[in-house]
Structures are given as structure tokens and as C-alpha cells.
Protein chains: 2
Amino acid sequence: MKIGILGGGQLARMLALAGHPLGLQCVFLEPAAEACAAAVGRLLHASFKSEDALATLAAEVEVVTTEVEHVPLAALEFLARQRPVLPGSRAIALAQDRLLEKNLFRRLQLPTARFVAVDSLEDLISAIETTGLPAILKTRHMGYDGKGQVVLRDAGDAADAWRAVGGVPCLLEAMVPFDREVSVIAVRSRAGECRFWSLTENRHDKGILSVSRVLLQDPLQALAEDYCRRLLETLDYVGVLALELFQVGDSLLANEYAPRVHNSGHWTIEGAVTSQFENHLRAVAGLPLGATAARGPAAMVNFVGQTPAPREVLAVTGAHLHLYGKRPAPGRKLGHVTLCASSSALLEPGLEILLQLAQRREEEHVLD
Amino acid sequence: MKIGILGGGQLARMLALAGHPLGLQCVFLEPAAEACAAAVGRLLHASFKSEDALATLAAEVEVVTTEVEHVPLAALEFLARQRPVLPGSRAIALAQDRLLEKNLFRRLQLPTARFVAVDSLEDLISAIETTGLPAILKTRHMGYDGKGQVVLRDAGDAADAWRAVGGVPCLLEAMVPFDREVSVIAVRSRAGECRFWSLTENRHDKGILSVSRVLLQDPLQALAEDYCRRLLETLDYVGVLALELFQVGDSLLANEYAPRVHNSGHWTIEGAVTSQFENHLRAVAGLPLGATAARGPAAMVNFVGQTPAPREVLAVTGAHLHLYGKRPAPGRKLGHVTLCASSSALLEPGLEILLQLAQRREEEHVLD
């Protein structure tokens with residue numbers, strides 16, 4: 001079976017690598033000149049707006065999925081007239097618009113930080129009354145990896161913030177003094193079966209995910225699954241979805257979801273019985289889902305901007321290296337390493353080394 | 001780094017899949033029209049005897065390895081003048097000739113079944129005196145998957161057996177009433193470090209590996225490692241090697257070795273911390289070796305001649321499917337499934353289902 005993927009980056013690449021052993025080949029449609037997935041599948045290099053390219057993709061594959069949420073909805077709708085598009089365009093449309101997404105959370109009774117829609121500077125000034133300060137002004141569209149976000153600490157910041165986001169439709173959100181950021185990765189099959197991986201705790205650096213640690217048997221696992229299940233079911237979702245949450249004491253606030261495989265689920269390749277990549281393919285291909293149980297303690301470190309020497313990473317016992325074959329550039333995700341160990345205590349020394357390797361190289365890159 | 005591989009079958013394919021995350025791309029030289037590895041790397045379709053093709057391969061890669069032992073030694077020697085060839089041609093030359101291989105075992109004081117070189121019918125008749133009966137007449141060259149072997153049960157079988165093997169140089173071996181067949185997969189780095197995976201017990205069907213079960217903490221592990229280490233060291237071996245042994249009581253008899261990744265090590269993809277494929281690449285690329293510890297109970301079932309429907313295999317909890325993308329044909333290895341479980345007791349019911357699936361389809365194929 002052939003599977004079409006909108007996008008040809010590292011997520012598409014890891015999907016394709018998971019697909020080959022299952023007899024699933026991936027065909028990527030990627031507008032950018034560079035597409036690191038091309039090493040492991042067929043690449044169609046064209047715009048998402050090219051109906052010729054979309055028609056070619058649809059003709060070559062049996063089902064279409066995406067590795068990016070920022071795809072034109074028209075492309076998904078065009079494809080959906082010829083092939084199943086999973087997850088469907090509604091799940092992607094809502095994830096593209098922070099206001100619709102937050103309204104959905106509210107409707108599903110998922111707690112969130114206080115938020116107000118902002119369409120003008122006047123809106124922003126009055127929104128501060130609702131959210132309090134500090135607050136974050138976020139563009140409704142095209143936000144990811146911390147892009148399109150401005151922090152307001154003082155009411156006097158409003159005009160500057162409004163200018164900084166370019167005066168586009170926004171959301172003002174109360175800045176939550178959270179204990180930690182966590183995410184739950186879930187998969188739902190065509191038949192409606194839901195499975196969840198262990199929660200991960202995520203740390204960001206300059207808005208980009210830096211480290212994920214698997215939380216085994218976390219007391220909030222059931223609550224996170226409950227929230228995520230509401231989302232999967234209301235969207236009649238098929239495939240992998242990531243729900244990002246803020247933990248505040250014993251409660252979880254829904255922050256955003258990604259309608260795709262997610263960076264905070266990369267640890268599942270070695271750390272779980274079945275990876276997010278394999279289960280996403282199984283779901284969209286209509287195959288039975290694999291077990292999502294964690295195999296033990298694990299953590300993942302991203303390589304952003306630059307990658308350490310493979311020999312240094314691989315010298316760490318239990319380290320699993322994943323390079324994406326991308327050209328280095330500041331702020332670019334170039335690879336990751338997953339560290340697995342038989343106990344949490346055994347995980348820490350190796351993790352410390354890997355964090356230093358990831359960090360050192362970033363600094364060296366700045367000096368270059 | 002690019003790695004050249006002589007051969008483009010399933011072993012090359014699984015090597016290439018393991019290579020991408022490490023930043024290693026594989027280039028395959030394959031004489032056959034079909035090369036299932038081509039889906040995940042660059043294929044050079046040419047004879048191993050083509051110096052043009054060998055020169056192209058050498059020019060494109062930094063190191064060369066093989067997925068098959070039956071390659072012309074001249075090809076290895078040609079390549080070795082331009083690039084490191086790992087493992088080296090001596091390890092492959094000895095594996096190509098059952099007599100040289102068995103003499104090496106003898107020199108290293110690895111016990112074997114009694115054996116005698118046979119170059120004529122007269123040799124064969126007198127060899128029976130040494131080996132006793134039953135015995136197996138094996139061609140010295142080009143034997144694998146039970147090919148080139150004839151069993152002698154009676155002295156009167158000699159002439160027929162000699163005719164059946166085509167009168168080529170042979171070895172007569174005593175047929176050992178072994179308790180079971182086991183293999184140990186090992187890897188040796190460029191620096192001489194050796195690591196070993198857990199022993200596996202192997203069952204064959206019509207000479208082709210059918211099932212491998214991982215033997216966790218087997219009492220014979222240390223002995224098998226000792227034998228295997230002698231072999232690795234005397235050959236100054238780099239890469240993965242499989243040593244097949246017969247267990248008779250508390251002793252192990254060396255049967256043969258394969259100078260490459262091996263079917264009885266496929267379980268290491270999910271069943272061990274680092275797979276045989278990844279460690280072979282790490283070794284030949286001069287990278288540190290990964291841990292070889294088993295993650296828990298595991299078994300592997302081959303799909304020979306025909307493959308079950310993926311949905312039936314994937315419905316078994318803990319089953320990991322590996323299809324090779326090859327055209328089905330009787331006796332052809334088309335894929336395998338590795339089953340992992342948290343306890344041996346939990347492994348058995350799933351294994352039973354998978355064995356039935358593998359078997360049922362073979363029978364259906366015969367009925368086709």
C-alpha cells in the first residue's frame with residue numbers, strides 16, 4: 001500500500017522508515033527545495049496549491065496524511081474528493097486557528113488558561129482586564145515553535161505587542177504559572193479504538209522543544225487521556241494526535257494540539273512497544289493498532305541548529321541517534337537522541353552527557 | 001557517510017533502514033534484477049565481476065561490506081585496493097569453503113562433528129568409516145539454506161549421494177544427534193571490542209530457518225561467546241558474525257559461521273537494545289558499538305514462500321512485522337515477524353498464532 005504525505009521533512013522521513021517493514025511506501029508532496037524524507041520514499045516537489053501535483057499524489061496512493069498542520073485546507077479538500085485524508089480536514093482546520101482550537105477545548109470542558117480573542121489594539125487593551133498580566137499575545141494562525149508570540153508584562157506593552165504581531169487576528173492568553181509542560185500522544189484507529197502513550201514532560205529552549213522525559217505511571221495520566229479522548233472522539237480523528245498541556249498542581253490546562261506525529265513522541269521509537277510513527281501508519285492504513293506501553297525509563301534530547309559528532313552520542317550506553325539529513329541552520333531541528341535505561345537513576349548520567357553535547361554544539365555553532 | 005554493500009536483498013535493506021537514523025546511506029551492488037533494498041538506498045545493478053561497477057561503488061562510498069558470503073573474492077580484493085572492505089576477504093573466503101571453515105574450527109579448538117574431505121566416490125566410501133552413519137555429504141562451496149546437502153543412512157547410498165551432489169569437492173560429516181541448534185550473533189569493532197547477543201535456538205523447515213527463540217541467560221552463553229571470540233580474533237574480524245552451533249548435552253559443536261548479519265539475529269531489531277544491523281554499521285563505520293543486551297523474551301518467525309495478511313500479524317500484541325518487498329516464490333524468505341513479551345509465558349500464545357499464520361499461508365500457496 002502507498003501512503004501520501006503532505007510534507008517531506010523529518011516527520012515524513014520517520015513515518016516512511018516505519019512504513020517499509022509494514023509493506024507501506026510513502027510518497028511525499030513537499031514545496032520546499034530540501035526534503036529530507038526523499039532518501040526513504042518518493043518525492044513530488046511541488047506547491048500544496050498545485051492541483052496537478054495533488055492529483056498526481058492522489059493517483060499514486062491509497063490514503064493521504066500530513067506531517068504539518070499548516071497546509072492549505074483547499075488542498076486537503078481537493079485530495080479528499082479522491083482519497084481518504086486522515087486525519088480529516090476539520091481536525092487540521094481547528095489546529096490552524098488558536099481561537100477555534102481553544103473554543104473547542106472550552107466546548108469539550110477541557111480547562112485552559114483564560115483567553116480572549118483580539119482583533120484590534122482596543123480589543124487587546126480590554127482583553128488584559130480578563131486575562132490579567134503577564135499574558136501572551138498569540139497570532140491565531142501560523143504559530144509553532146514559539147513563533148507569533150509576544151509576552152505582555154505591563155499594560156503599557158500593548159501597542160508594541162500589537163505592532164510586533166503585525167496587527168493580525170490574535171488571542172490573548174493569561175500566562176499560567178505552571179509547574180511543568182506535559183504532552184500526551186494518542187492514536188485512534190479507523191474503527192474508533194484509542195490508545196495513549198505515557199505522558200512526557202517537555203522543556204523548551206527559545207520556544208523550541210529541547211528535552212522530553214517519559215513520565216511512567218504519572219498520577220495525571222488518566223486525566224490527560226480523558227481530555228485527549230474527548231478531542232479524538234469529537235473530531236472523529238484517525239491517526240496520531242499530540243495534546244500539549246500545562247500542569248498546575250493536580251490539574252491540567254489544555255494548551256494546544258497537533259494533528260500529527262509530534263516531537264514529544266519521538267522517544268516512542270525505542271521507548272515504547274510501538275512507535276507513534278508506526279501506529280499513525282497503522283491507523284491511516286486501517287491496520288490494527290500496536291501496543292503503546294513504555295518499555296521503561298526514556299528521555300529525548302533535540303539537536304537544534306547543529307548536531308554533535310555521532311561517535312560522541314553513540315558512546316553513551318542506551319543512546320539511540322536519529323539524524324534527519326537536513327542542512328544545518330540556526331533554530332533548525334536536525335536530529336534527536338533517545339536515551340533508554342533500565343531505571344530512572346541509570347538514565348540521568350547519560351542524559352546529562354547528551355544535554356551537554358546538544359548544548360555545546362549549539363554554542364560552537366554561534367561562535368562559527 | 002556512505003557505505004557500499006555487495007548485495008541488495010533483505011539483509012541490505014535492513015542495514016540501510018538502520019543506517020538512515022545514524023546518517024549512514026547505503027549503496028547496493030546487486031546482480032539480480034530484483035533488489036528489495038533499492039527502496040531505501042541507491043542501487044547499482046551490475047555483476048560482481050564488473051570492474052566498472054566495482055570502481056563506481058568504491059568511488060561513491062567510504063567503506064564496503066557484504067550481505068552475502070557468496071561473492072567472488074576477486075571483487076573483494078579489487079574493492080580492498082580502494083576502500084576498506086569489512087569484514088575482510090579472508091573471513092569471507094573461509095566461510096565459502098566448508099573444509100577450510102571446519103579446519104579453522106579445529107585449529108581454534110572449537111569442537112565439531114567428525115568430518116572428512118571427500119573428492120571422489122572412493123574418498124566418500126572410506127570417509128564413512130571415519131564419520132559413521134548417518135552422515136551428511138555437503139558440497140564445500142555454495143551451500144546455504146540446506147542446499148548442496150545429501151544425507152547418507154546406509155553405505156549403499158554412497159554412489160547415489162555422490163551423483164546427487166554432482167561429484168564436486170565435498171565434506172562428509174557425522175550426523176550429530178543434537179539436542180538443539182543454537183546460534184550466537186557477535187559484533188567486533190575496528191578497535192577489537194567484541195559484543196555478543198543472547199543465544200537463540202533455531203528450528204529449520206526444509207533446510208530454511210523457520211523460528212528463532214531467544215535464550216535468556218542460557219548456561220551455554222559463555223561457552224558460545226568464548227568460541228565465537230576465538231573466531232573473531234583470529235580473523236581480525238570487523239562487523240557482525242553469526243556462529244551456528246549444535247548443542248549436545250552441555251557441549252557445543254561448531255557447525256558453520258556466516259560473515260554477515262544473520263536471519264537468526266533479526267529479533268535484535270526490537271528484542272535487543274541495539275540491533276545486529278545497527279551494530280554492523282557502527283562497526284564498519286568505525287563508530288562505538290551499542291549495547292547488545294536483550295530487552296526481554298522474544299522470538300522470530302520467518303515467512304517463507306508466502307506472507308500472511310499484515311492485519312492478522314499486527315493483531316497479535318507485541319508482534320513486529322518485517323516485510324521485505326520481494327516477489328513471492330516457493331522457498332523464498334519474504335519477511336519475518338518478531339514477537340516480544342514481558343515474560344516467556346506471555347510469549348507463547350502469540351507465538352502459536354504467528355506460527356499458524358506462517359504455516360497456513362505456506363500451505364495455501366502450495367494449493368494455489
Side-chain angles (χ1 to χ4, degrees), chain A residues 1 10 13-14 16-26 36-37 39-42 266 269-270 272-275 278-279 281-282 285-293 295-296 307 309-326 334-338 340-342, chain B residues 1 10 13-14 16-26 36-37 39-42 266 269-270 272-275 278-279 281-282 285-293 295-296 307 309-326 334-338 340-342:
Chain A
M1 186 191 281
Q10 69 266 20
R13 176 181 163 105
M14 288 185 275
L17 284 170
H20 284 293
L22 304 179
L24 305 173
Q25 290 92 43
C26 295
C36 67
V40 290
R42 171 163 148 73
H266 288 0
I269 297 176
E270 293 88 8
V273 173
T274 312
S275 78
E278 177 168 342
N279 258 346
L281 293 178
R282 288 198 196 197
L287 294 167
L289 300 180
T292 51
R295 289 167 175 270
T307 51
R311 69 180 61 252
E312 292 186 283
V313 175
L314 296 174
V316 176
T317 300
H320 298 278
L321 177 63
H322 295 266
L323 298 177
Y324 306 150
K326 290 163 72 175
L334 302 176
H336 74 268
V337 57
T338 297
C340 299
S342 52
Chain B
M1 186 192 280
Q10 68 266 21
R13 176 181 164 105
M14 288 186 274
L17 285 169
H20 284 293
L22 304 179
L24 305 173
Q25 289 93 42
C26 295
C36 67
V40 290
R42 172 164 149 72
H266 289 0
I269 298 176
E270 294 87 9
V273 173
T274 312
S275 77
E278 178 169 342
N279 259 346
L281 293 177
R282 289 198 195 197
L287 294 166
L289 299 180
T292 50
R295 290 168 174 270
T307 52
R311 71 179 59 252
E312 291 186 283
V313 175
L314 297 173
V316 176
T317 300
H320 299 278
L321 177 63
H322 295 266
L323 298 177
Y324 306 150
K326 290 162 74 175
L334 302 175
H336 73 268
V337 57
T338 296
C340 298
S342 52

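Side chains included, hydrogens not; waters and symmetry mates left out as well; all remaining heavy atoms used. The shown structure was predicted, so the numbers you read here are calculated from the model rather than taken from an experiment. A note on names: the letters A, B, ... follow the listed sequences, proteins ahead of strands, and every chain is numbered from 1.
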Which heavy-atom pair separates [X] from [Y] by the least distance, and what is that distance?
{"X": "A:G286", "Y": "B:R311", "value": "O-NH1, 3.1 Å"}
{"X": "A:L287", "Y": "B:P310", "value": "CD2-CB, 4.2 Å"}
{"X": "A:G318", "Y": "B:V273", "value": "CA-CG1, 4.4 Å"}

Next on the checklist: My understanding is that only residues two or more places apart in sequence, or in another chain, count here; which of them pass side-chain hydrogen bond (donor to acceptor under 3.5 Å, both in side chains) with B:H20?
Outcome noted: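 In terms of side-chain hydrogen bond (donor to acceptor under 3.5 Å, both in side chains), with neighbours along the sequence ignored, B:H20 is linked to no residue.
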
Checklist entry - Who are the side-chain hydrogen bond (donor to acceptor under 3.5 Å, both in side chains) partners of B:R295, not counting sequence neighbours? => result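 In terms of side-chain hydrogen bond (donor to acceptor under 3.5 Å, both in side chains), with neighbours along the sequence ignored, B:R295 is linked to no residue.
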
Under 4.5 Å from any heavy atom of chain B, what part of [X] do you find: side chain, backbone, both or neither?
{"X": "A:A319", "value": "backbone"}
{"X": "A:A315", "value": "both"}
{"X": "A:H336", "value": "neither"}

Item to check | Among A:V316, A:T274, A:L22, residue most engaged with chain B (heavy-atom pairs, under 4.5 Å) | outcome: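 Highest number of pairs under 4.5 Å: A:L22.
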
Checklist entry - Do you know which of A:Q25, A:E270, A:M14 has the most heavy-atom pairs under 4.5 Å to chain B? => result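 If we count pairs closer than 4.5 Å to chain B, A:E270 comes out on top.
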
Next on the checklist: Whether the side chain of A:R13 engages the backbone of B:P21 through a donor-acceptor N/O pair (distance < 3.5 Å, no angle test) should be reported.
Outcome noted: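 No.
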
Next on the checklist: With rounding to the nearest 0.5 angstrom, report the CD to CG distance, A:E278 to B:L314.
Outcome noted: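 So the gap between those two atoms works out to 6.5 Å.
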
